[in-house]
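Okay, structure first, notes after.
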2 protein chains.
Amino acid sequence: MGADLALLLLGGFRALADAATAELARRGHVDFRPSHDFAMRAIAAGASNASDLARRLSVSKQAAAKTIALLQERGYVARADDPHDARRKLLEVTPLGRSVLREGEAIFDELRSRWERQIGAGELTRLETSLTTLLGPSALRPDESGWITHELDEPSS
Amino acid sequence: MGADLALLLLGGFRALADAATAELARRGHVDFRPSHDFAMRAIAAGASNASDLARRLSVSKQAAAKTIALLQERGYVARADDPHDARRKLLEVTPLGRSVLREGEAIFDELRSRWERQIGAGELTRLETSLTTLLGPSALRPDESGWITHELDEPSS
DNA sequence: CCTTATCGACAACCTAGTTGTCTAAAGGAG
DNA sequence: CTCCTTTAGACAACTAGGTTGTCGATAAGG
């Protein structure tokens, strides 16, 4: 049935995202969600102020500002005055921010390896190839292609 | 990279869910989201009151009550007094509710066929088999296995 | 009969968004 | 150099979809 396909895809994402969130929490990054990761990556990739970040994430400036405030509060990004434009506040990823990004990548890689061991490297590559064909390569660039997720709930975990 | 896998799965779900939501809207069911569908199916499957629905969806009674209020307001479910228990309000799926469920199924089936034409029936079955292996069969029963999604955003669409 | 459990409603709050309004600063046209 | 427009970011007020805690009414069991 068609709906089952959607459920499988969602279930797959949630399994990975929940496991990653839980593992990050275990390592001290409590409540660091996928959307925070997206935002951090956009900042690391060059979004140097709130308005720019908003554009890259395709959300309102206000939503971006709230995310920045949260990331700043937790020490993942820092804001400084822009010497060339008094309106702007320059965004910067802190060492803590860089470490959470690195750890996030490592965790996802580890989760992928786990799946590889379960169904085989070939089968997993095949799955990725199929999905890439279906979605187009733009699916991998959320911060440039104009979609962003709402947060997915933490289950009982 | 591991994170890409997660993005592909999320992208796949979103592609299906957004297309289905848009198509339902086109057919007159405006703002009918996946979570409404989950709730309706749980009711159709026997959740006959708010507390029961809450348990099946693994959310609080209050969250279930809000969803019911919305579905009732739009005419998808009806509530009547329970003759055997004055505390309960019996939930019932209206003809309109049944029709939206039928249409939802048909739309998802059609979307799946479209994917089948793109990558081939064998490849799609393979993808579903892999995901089922990875997630276990419980992934297909969201209303019984204890997870529910937050809503996913409508993108620019 | 009385205690305990359950149903559904209420108020208050959280998170992650939205739009609209506003000030201050930047920058281009004349 | 001065206007006019654009931009950055902050504020308030709102929405959706959740949460917890409280409460009154009803049901059910010792």
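In what follows, chains carry the letters A, B, and so on, assigned in the order in which the sequence lines appear, proteins first and then strands, with residues in each chain numbered from 1. Worth knowing before you read on, the calculation uses all heavy atoms, side chains too, and leaves out hydrogens, waters and symmetry mates.
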Separation of atom [atom1] in [X] from atom [atom2] in [N], rounded to whole Å:
X: B:K89; N: C:dT6; atom1: NZ; atom2: C1'; result: 16 Å
X: A:F32; N: C:dT15; atom1: CZ; atom2: C1'; result: 16 Å
X: A:D81; N: D:dA10; atom1: CG; atom2: P; result: 10 Å
X: A:L70; N: C:dA16; atom1: CG; atom2: P; result: 7 Å
X: B:L91; N: C:dG8; atom1: CG; atom2: P; result: 8 Å
X: B:K66; N: C:dG8; atom1: NZ; atom2: P; result: 17 Å
X: A:D82; N: D:dA8; atom1: CG; atom2: P; result: 11 Å
X: B:H36; N: D:dA16; atom1: NE2; atom2: P; result: 10 Å

Is there a donor-acceptor pair closer than 3.5 Å between any side-chain N or O of [X] and the backbone N or O of [Y]?
X: B:T94; Y: B:G75; result: yes
X: A:R112; Y: A:I107; result: no
X: B:R87; Y: B:D82; result: no
X: B:S58; Y: B:A54; result: no
X: A:S113; Y: A:D109; result: yes

Quiz prompt | Separation of A:H84 NE2 from A:L90 CG (nearest 0.5 Å) | solution =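 Separation between the atoms: 8.5 Å.
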Within the pair [X] and [N], is there a side-chain N or O less than 4.0 Å away from OP1 or OP2?
X: A:T67; N: C:dT15; value: no
X: B:S60; N: D:dG18; value: no
X: B:R79; N: C:dA9; value: yes
X: A:S51; N: D:dT7; value: no

Practice problem: Go through the side-chain N and O atoms of A:H29 and A:Y76 and say whether any donor and acceptor fall under 3.5 Å apart. | Solution: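 A:Y76 and A:H29 do have a side-chain donor-acceptor pair below 3.5 Å.
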Exercise. Please list, chain by chain and in numerical order, all residues satisfying side-chain contact (heavy atoms from CB on, under 4.5 Å) with B:D81, sequence neighbours excluded.
Key: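 Partners of B:D81 by the side-chain contact (heavy atoms from CB on, under 4.5 Å) criterion, ordered by chain and then number, come out as B:K89.
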Quiz item: In chain order, what residues pass the side-chain hydrogen bond (donor to acceptor under 3.5 Å, both in side chains) check against B:R98, with sequence neighbours excluded?
Solution: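 B:R98 satisfies side-chain hydrogen bond (donor to acceptor under 3.5 Å, both in side chains) with no residue once adjacent residues are dropped.
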Exercise. Between protein and nucleotides 21-27 of chain D, map the contacts as a letter string: B base, S sugar-phosphate only, - none, heavy atoms under 4.0 Å, written 5' to 3'.
Key: B---BBS
Quiz item: Do A:L70 and A:I68 share a hydrophobic cluster (ILVMFWY, side-chain heavy atoms under 4.5 Å, transitive)?
Solution: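 They do not share one cluster, since no chain of ILVMFWY contacts under 4.5 Å joins A:L70 to A:I68.
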Quiz item: Nearest heavy-atom pair of A:L135 and B:A15: which atoms, and what distance?
Solution: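 Taking A:L135 first and B:A15 second, the nearest heavy atoms are CD2-CB, 3.9 Å.
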Quiz item: Taking five pairs at each end, how big is the angle between the two axes of the helix from C:dC1-D:dG30 to C:dG30-D:dC1, to 10°?
Solution: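 The end axes of the helix from C:dC1-D:dG30 to C:dG30-D:dC1 are about 10° apart, to the nearest 10°.
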Quiz item: With sequence neighbours left out, what residues match B:R117 under salt bridge (Lys or Arg N to Asp or Glu O under 4.0 Å)?
Solution: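 B:R117 satisfies salt bridge (Lys or Arg N to Asp or Glu O under 4.0 Å) with B:E110 only.
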Exercise. Classify the nucleic acid contact of A:A63 as base, sugar-phosphate or nothing, counting any heavy atom under 4.0 Å across all strands shown.
Key: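 Base contact.
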Which atom pairs link the protein and nucleotides 2-4 of chain D when you take only N or O atoms and keep those under 3.5 Å?
none

Exercise. Measure from the side-chain heavy atoms of B:R55 and tell me the nearest of C:dG8, D:dT19, C:dC7.
Key: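 Of the candidates, C:dC7 comes closest.
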